[in-house]
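Taking it in order: structure first as C-alpha cells, then the write-up.
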Amino acid sequence: MSFPDLSQVPLTDPPDGLDSNFIDPPSQVWQPRLAIYITFPIGILSVILRIYTRIHLGQRFGADDYFMIAAGLGAIGYTAVMLVTTQNDVLGRHAWDIPVAAVMTPSILEESFAIAVVNLFAHSCMKISLSFLYRRIFYPSTTSTFMIWGGIIFIATSYSALLVSWTYFTVPHVGDGGWVSPAFTERVGRTAPALAISISVVNSFTDFYLLGIPLAAVSMLEMSTRKKFAVSALFLTGLLICALSVAGVVARVRLYQANSVDSFWITMSAYAFSVTEVNIGLFCACIPVVFTTLRSAILRSRSILSSWRESLISSATGTVHTDSQRTAKSDGVPESSGELPIVEKGTLGTLISIIRGGRRPRTDAAMTAGMEMSRYSELRSVDVEYHKNMVK
C-alpha cells in the first residue's frame, strides 16, 4: 500500500479557478515582520529612556518601573519568538498553498504556545506598571485608588486565568501522543481561536479602563477646557493602543469565523496588530515619565540648529552675532536656565490638590496653601515625589 507524498498534498482544496502553488505563492508573513522592524525599536528605546530618566534625575525606582522593565523583557522575548516563527514564509500562505508536510512538525504549535505566553506576560506587566504609576499620582483620591486597585486585581487575575487556560488547552496532555497527534491538534483547533478572542477582548477592555482613570481625574479639575486638554495630552496617547487592541479583536474574530480553513493567512494580521500593540504600549506607558527628557532634547536640538543657522548666515553676510544675540533669536529658548515658561499661580497646585484630595478645593487659600508654585525649575516626572522638586 503506497501513501501519498505529503509534500505535494495541500491542507485544503483550492477554491474554484485556483491551483495550489507550493513554489512562490502570496504570503502575509511580511506583516508581523514589518511591525517588528518599525515598532520594536520604539518600545525598547522608550523603556531604556525611562530608566535613564530615573537614574539621571536621581529618582528612586518604584513598582511601576520594575514592572515596566519586566514588560520590556517580555517584549524582547515576544519579538524573538515571533521573528523565529515568521522566518518560515509557509505560515503566511493560504491553506491551499501549504503542503501538509510543512505543518506536520511540533515546532509550529510549540512556537504558537510560546507566542501567547510571552504576549500575556508582557501585556500584564505593562498594564500593572501603568496602574502603579497612576497610584503614584492619584493615590490620595478615594475614587482613583479604588479604580486603580480594582484594575490591578482584575488584570492579575484575568491574565493568570487566561495563561492557565491557554496552557491547559494548547499543551499536549498525557496520552495525547505528542504535539502532532490527531487528538491534540483537534483540541487546539477547536479551543485556541476562542481563547485568542478572549485574550484580545481582555486586552481591549483593560486598555480602555486604564485610559479612563487619568481622564476621569482631569475632568474634575477647575480649569479651562483648553488646559484640561493640555493636561490630558500625556495620557491620550493611550487611544492609539485602544485602537490597536480593537483591531486585534476584529482579526481574532475573523480567525474564529474562518474555522481553521485559512487560519495561517489570517493569523499574520493578528500577529502584526499584537506586536504593534505591545511595542507601542511600552512607548505610551513611558511617555508620562520621559516627557521632560524628550522635551529637553528637542529644545536643545532646536537651540543648536538655530545657532548653526545664525553662524551660516553670519558667514555668508559677514555679520558677527554674539552668543547672547544668538540665544535671543533661538526661538525663545533660554541660554542656561533650562526653565519652562511661567505658569499661572495655582494651576499646578490645583492639579495636585484635586488629585491628592480627590475633590475640588473649597477656597483659593486651601487650593494653594503649601503649594505656591509660580514656575517649573525642571519638570522631572509625574512621580509624586517629583512635585516637591519642582518648587523654586
Side-chain angles (χ1 to χ4, degrees), residues 6-7 9-12 22 27-33 35-36 40 70-71 73-95 97-125 159-200 203 248 251-252 255-256 258-275 277-279:
L6 296 182
S7 64
V9 178
L11 286 178
T12 61
F22 298 150
S27 174
Q28 293 203 114
V29 77
W30 61 269
Q31 293 183 359
R33 288 182 191 168
I36 290 172
F40 178 70
L73 294 175
I76 293 173
Y78 185 49
T79 300
V81 177
M82 187 70 72
L83 281 175
V84 171
T85 301
T86 56
Q87 290 304 307
N88 186 357
D89 286 335
V90 171
L91 299 184
R93 300 178 183 178
H94 289 292
D97 292 328
I98 303 175
V100 174
V103 297
M104 294 298 291
T105 59
S107 62
I108 292 179
L109 291 175
E110 291 172 351
E111 291 166 0
S112 177
F113 167 76
I115 285 173
V117 169
V118 184
N119 176 272
L120 287 169
F121 175 79
H123 269 287
S124 59
C125 288
Y159 278 91
S160 296
L162 289 170
L163 178 60
V164 171
S165 300
W166 187 266
T167 302
Y168 177 80
F169 287 108
T170 63
V171 172
H173 298 169
V174 176
D176 279 347
W179 289 88
V180 294
S181 64
F184 173 65
T185 55
E186 188 275 334
R187 183 173 70 248
V188 171
R190 186 182 68 254
T191 60
L195 281 174
I197 291 178
S198 300
I199 293 173
S200 296
N203 283 341
R252 295 296 183 182
L255 181 60
Y256 179 80
N259 196 25
S260 301
V261 174
D262 205 11
S263 59
F264 289 101
W265 177 270
I266 300 174
T267 297
M268 294 300 108
S269 297
Y271 279 170
F273 284 122
S274 180
V275 167
E277 183 182 358
V278 169
N279 292 322

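Because only heavy atoms are used, hydrogens play no part in the values below, and waters and symmetry mates are left out as well, while side chains stay in. Values in this document were obtained by computation on a predicted structure and should not be read as measured data. Residues take their numbers from the sequence shown, with the count starting at 1.
Distance CG/Leu195 to CZ/Arg190: 10.5 Å, rounded to 0.5 Å. The line from CG of Asn203 to CG of Leu162 is 8.5 Å long, rounded to the nearest 0.5 Å. Rounding to the nearest 0.5 Å places CZ of Arg33 at 12.5 Å from CD of Gln28. Interatomic distance, OG of Ser112 versus OH of Tyr271, reported as 4.0 Å (0.5 Å rounding). Expressed to the nearest 0.5 Å, how far CH2 of Trp265 lies from CG of Asp97 amounts to 8.5 Å. Between the CD1 atom of Ile115 and the CD atom of Glu110 there is a distance of 12.0 Å, given to the nearest 0.5 Å.
Listed for the Ser181 side chain is a donor-acceptor partner under 3.5 Å among the backbone atoms of Asp176. Looking at His173, its side chain never comes within 3.5 Å of a backbone N or O of Phe184 through a donor-acceptor pair. Looking at Asn279, its side chain does come within 3.5 Å of a backbone N or O of Val275 through a donor-acceptor pair. The main-chain N or O of Ala196 is found under 3.5 Å from a side-chain atom of Ser200 such that the two form a donor-acceptor pair.
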**Message:** Between Ile76 and Phe40, does the side chain to side chain contact (heavy atoms under 4.5 Å, CB included) criterion hold? Intermediate values first, please.
**Reply:** CA-CA 8 Å; Ile76 293 173; Phe40 178 70; 4.0 Å; yes

**Request:** Let me see the working for Phe169 and Arg187 under side chain to side chain contact (heavy atoms under 4.5 Å, CB included), right down to the final yes or no.
**Result:** CA-CA 7 Å; Phe169 287 108; Arg187 183 173 70 248; 4.2 Å; yes

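Tyr256 and Pro193 make their closest contact through CD1-CB, 3.8 Å (heavy atoms, listed as atom of the first residue, atom of the second, distance). The shortest heavy-atom contact between Gly74 and Ala122 is C-CB, 4.0 Å. Of all the heavy atoms in His94 and Ile98, the pair that sits closest is O-CG1, 3.3 Å. Contact detail for Pro10 and Val100: the closest heavy-atom pair is O-CG2, 3.7 Å. Between Ala95 and Thr12 the shortest heavy-atom distance is CB-OG1, 3.4 Å. The heavy-atom pair separating Thr105 from Val180 by the smallest distance is C-CG1, 3.7 Å.
Side-chain contact between Thr167 and Phe113 is present, with heavy atoms from C-beta onward closer than 4.5 Å. Using a 4.5 Å heavy-atom cutoff, the side chains of Ile199 and His123 are not in contact. Residues Trp166 and Val171 form no side-chain contact, since every pair of their non-hydrogen atoms from C-beta on lies 4.5 Å or further apart. A heavy-atom distance below 4.5 Å is found between the side chains of Thr267 and Leu255. For the pair Val278/Thr79, no side-chain contact is recorded, criterion being any heavy-atom separation below 4.5 Å from C-beta on.
Checking Ser274 against Tyr78 by side-chain atom types alone, a donor-acceptor pair falls below 3.5 Å.
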